[in-house]
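This report concerns only the one structure given below.
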Amino acid sequence: LAKTTQPISMDSYEGQEVNITCSHNNIATNDYITWYQQFPSQGPRFIIQGYKTKVTNEVASLFIPADRKSSTLSLPRVSLSDTAVYYCLVGDGGSARQLTFGSGTQLTVLP
Amino acid sequence: NAGVTQTPKFQVLKTGQSMTLQCAQDMNHEYMSWYRQDPGMGLRLIHYSVGAGITDQGEVPNGYNVSRSTTEDFPLRLLSAAPSQTSVYFCATTGSNTEAFFGQGTRLTVV
C-alpha cells in the first residue's frame, strides 16, 4: 500500500481558500486518491476521489499532477464548520473497502 | 433512512468483561467493516465482511470476533476486554466500491 504524508495541522481564516497537499511517492498504477473529512465525535465522510488531473464536486477540488506522486485538496472559501481532520488515502482501484488511514491533517478555521 | 447505526454510543467495561458492539445498516450494502481509532491517529481495520456468512480479518483483529448472519447487521464482539481496547469504534459500509459510509462511533473505555 502506498504510504501518504500530510501536514499535521493547518490554520486558515474564514472565506479563504485552503489547499492541503498529500505526498504519495510510491503510488501504484491502479491506485486512486481519495479524501475523507472527519468532525469530532463522528465517523469520516467521503469528500472526493480522483485518478489524475483535476476533479471537482460541490464541496472541493482535487488536483493531481502528471506524475501522481502528490495531490492537493482545495476547499474554496472555508467557514468555521470546515474545521475538521482531513485524510488522504491511496488505494487499489479506488476501492472503499479496506481503507488505510494515516494521521490526517487537522484544519482549524479561525474567525 | 438512517444509514449506518451503531449502539451503544458510549460504554465502560471492566477488564475481562465481554460485550457486543452493534452495527446495523439500511443501505442494502454487501460490504461492512469495523475500524478502531485511537487518540490522534487514523482508523485501523479490525474485521470486514463481503456479504452474509463471510468475514475476514483486517489489520488489527486480535481480541475481536465478528459474524454476519444478515446483510443488515455486523456485530463486533469483545470476548475479554483489555485496557488496550479502549478506543473509538466505527462501523462502515460500502456499496459502490468508491465511497464508504461510517456510523457515529462507539466510544469504549476499559478500566
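Chain letters run A, B, ... following the sequence lines, proteins first and then strands; every chain starts at 1.
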Is it the side chain or the backbone of A:Leu99 that comes within 4.5 Å of chain B heavy atoms, both, or neither?
both

Against chain A, label B:Arg107 side chain, backbone, both or neither, depending on which of its atoms sit under 4.5 Å from a heavy atom there.
side chain

Any side-chain heavy atom of B:Thr98 sitting closer than 4.5 Å to one from A:Tyr32?
no

Any chain of hydrophobic side-chain contacts (each under 4.5 Å) joining A:Ile33 to A:Val55?
yes

The interface call for B:Glu59 against chain A, heavy-atom contacts under 4.5 Å, is neither

Kindly give the heavy-atom pair with the smallest separation between B:Tyr35 and A:Arg97, and that separation in Å.
OH-O, 3.1 Å

Heavy-atom pairs under 4.5 Å with chain B, option from A:Gln49, A:Arg45, A:Gln38 with the top count:
A:Gln38

Are A:Leu107 and A:Val85 co-members of a hydrophobic cluster defined by side-chain heavy atoms under 4.5 Å apart?
no

Top of B:Val50, B:Leu43, B:Thr93, B:Leu45 for chain A proximity - count of heavy-atom pairs under 4.5 angstrom
B:Leu43

Is it true that, when you exclude A:Tyr13 itself, more than 12 heavy atoms of the residues, nucleotides or ligands shown sit nearer than 6.0 Å to its OH?
no

Flag the one option from B:Val88, B:Val4, B:Thr94 with the top tally of heavy-atom pairs under 4.5 Å to chain A.
B:Thr94

Side-chain heavy atoms nearer than 4.5 Å, only ILVMFWY residues, links allowed to pass through others: does that put A:Phe101 and A:Ile20 together?
no

With a 4.5 angstrom heavy-atom cut-off, could you sort out which part of A:Gln42 is near chain B: side chain, backbone, both or neither?
both

Any link between B:Phe102 and B:Met27 through a network of hydrophobic side chains (Ile, Leu, Val, Met, Phe, Trp, Tyr) touching at under 4.5 Å?
no

What pair of heavy atoms forms the shortest contact from A:Gln98 to B:Tyr31, and how long is it?
CG-OH, 3.5 Å

For A:Tyr36, which atoms come within 4.5 Å of any heavy atom of chain B: side chain, backbone, both, or neither?
side chain

Is there a path of hydrophobic side-chain contacts, each under 4.5 Å between heavy atoms of I, L, V, M, F, W or Y residues, that connects B:Ile46 with B:Leu78?
yes

